[in-house]
Protein chains: 4
Amino acid sequence: MSISYNRVVLVGRLTRDPEIRFSANGTQVSVFTLAVDRPMRTDINDSNNTDFIRIVSFGKLAEFVSNYLVKGRLVLVEGSLRIRKWKTQDGDPRTTTEVVANNIRFMETKSQANVDTEGPLIDENVKPVDDDITFFGSESENTDSDDIPF
Amino acid sequence: MSISYNRVVLVGRLTRDPEIRFSANGTQVSVFTLAVDRPMRTDINDSNNTDFIRIVSFGKLAEFVSNYLVKGRLVLVEGSLRIRKWKTQDGDPRTTTEVVANNIRFMETKSQANVDTEGPLIDENVKPVDDDITFFGSESENTDSDDIPF
Amino acid sequence: MSISYNRVVLVGRLTRDPEIRFSANGTQVSVFTLAVDRPMRTDINDSNNTDFIRIVSFGKLAEFVSNYLVKGRLVLVEGSLRIRKWKTQDGDPRTTTEVVANNIRFMETKSQANVDTEGPLIDENVKPVDDDITFFGSESENTDSDDIPF
Amino acid sequence: MSISYNRVVLVGRLTRDPEIRFSANGTQVSVFTLAVDRPMRTDINDSNNTDFIRIVSFGKLAEFVSNYLVKGRLVLVEGSLRIRKWKTQDGDPRTTTEVVANNIRFMETKSQANVDTEGPLIDENVKPVDDDITFFGSESENTDSDDIPF
DNA sequence: TTTT
DNA sequence: TTTT
């Protein structure tokens, strides 16, 4: 253990509805991909100008994610960058890059989310909810983030 | 182009001296790996508790990196998270995760850096430099970050 | 000079149109107040739940502010916190708290800004502009931030 | 309640040992001032180049502050910017600017802290403690931050 | 694989 | 009022 700090703040849109899982001890885990466009630049022709970033959450924050976030919604994600090395069943090395979220906030109201899109952006199975709910997770709830096979 | 934001702040130590390259148009590119320890937690036995994060810089910031940063030095890096997809010569898909730095600052003086370590932490080929220099890079200098083959 | 870091990120709405000034050497200075609501909490009855934060910008960033930002617009401001002590003409001590911006980004499109409000949110004297422009200022442009009497 | 975000990250040194208070309901409150030097600039002669920023913490984070932080120690503070308006006993309006901390981390080891200074930087009444302890507070513990008269 |  |  040494002196360190690791903080990421992202604003972007979910590319799909979140995936829900449960760890061995029953903690909920929610995962989604955030599309974060790079700022436009006039000096280069950057055809590949979006970063697709995996966002993982645990516990109560994961419940918030599965209850309220859907494909296309604009959110701010605060968390820390984690680079995990693991092996496939064949023993091939892989690296997973993800942001472990500890705070997620809407960056548009539900009505804005609907105004901006055609078609069923909002999954009607999701419980109704007031706009602009913010959820604060705490790291202490992420009790077994490194044990979970996902 | 859409609404977005992408900001990363890291504090950690260089695992090696930086690597220096030059892009086709002569812009300097400096690359190093930052070891960022995760905060200790009493509730899990996390044997793999450090993230090793690739840090890329361009232009004048890259010159600062190559002039003043060496293996072991504690620095704060501010930048944005970039996930690049590319292919090997064999056509295999690869993903590179890196932080494109736009600001790097010492988090210890040169004398602290030397006190904390045994052996030749400071490469004597590096020009002498006053403690605590800070360098601010600007995104506008990173003129061809996506053209560079590295 | 010592080891230090100072970074602020805010999302909120302008309480009025920006004020424009010019420093002695001709650099443009733009100032506005950002209303930043505190996250709602169920455990307290917090009647005074918005922070009103003065945002100062210089040079090209100040031009962006005066050209594109108006009362009510939702923006993300990145900068550093500055606490200035000064005296009134009567010699009374005063303190000014402000965030010196180095990056400002829209957090809603112009069409969303208009959908969300009643009345003339957008000043029609402002030049027309594409949605979602982002402006990056650099600290090196803020050449005389401490000389300016405002 | 609207869309908002408020995040501050500071690195600097305590100007004095923290002050300890207790709220009506027994929650501990710790307060200190952080000296944050501005980055040096060659283009101006900035004689007043340090921001002195009030840092407030509550609950377990406040206990960490009172147990481990002393005058001169280099720390990273993460929190949110709060601007409170209040009146003196004479009815004069006052404004208090402070950062409500939710995470504080050492930016130097205890041995570095001692190496860097002459004289009794470390108050010997403070309980001995391992280097590099990090404390994470959660906002939910700051249960009555707006009720406290300090 | 991808959001707007 | 101030840290290094």
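All values derive from a computational prediction rather than experimental measurement. Below, chain A is the first sequence line, B the second, and so on; all start at residue 1.
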Let me know the distance between [atom1] of [X] and [atom2] of [N], rounded to the nearest Å.
| X | N | atom1 | atom2 | answer |
| --- | --- | --- | --- | --- |
| D51(A) | dT2(E) | CG | C1' | 13 Å |
| R105(B) | dT4(F) | CZ | P | 19 Å |
| E98(A) | dT2(E) | CD | P | 21 Å |
| F32(D) | dT2(F) | CZ | P | 19 Å |
| F52(A) | dT2(E) | CZ | P | 7 Å |
| E108(A) | dT4(E) | CD | P | 10 Å |
| I83(C) | dT2(F) | CD1 | C1' | 12 Å |
| Q112(D) | dT3(F) | CD | C1' | 16 Å |

Work out which heavy atom in [X] is nearest to a heavy atom in [Y]; give both atom names and the distance.
| X | Y | result |
| --- | --- | --- |
| I3(A) | F106(D) | CG2-O, 3.9 Å |
| A101(D) | I55(D) | CB-CG2, 4.0 Å |
| G72(C) | R13(C) | O-NH1, 2.9 Å |

If you check every side-chain atom of [X], which of [options] has the closest atom?
| X | options | value |
| --- | --- | --- |
| K85(C) | dT2(E), dT2(F), dT4(E) | dT2(F) |
| R13(D) | dT2(E), dT3(E), dT3(F) | dT3(F) |
| T33(D) | dT2(F), dT4(F), dT3(F) | dT2(F) |

Does [X] get its side chain close enough to the base of [N], under 3.5 Å, for a donor-acceptor pair?
| X | N | result |
| --- | --- | --- |
| R16(A) | dT1(E) | yes |
| T50(D) | dT3(F) | yes |
| R73(A) | dT3(E) | no |

By side chain to side chain donor-acceptor pair (under 3.5 Å) - contacts of T33(A) (at least two apart): none
Listed partners of E63(D) passing salt bridge (charged side-chain N to carboxylate O under 4.0 Å, His left out), at least two apart: none
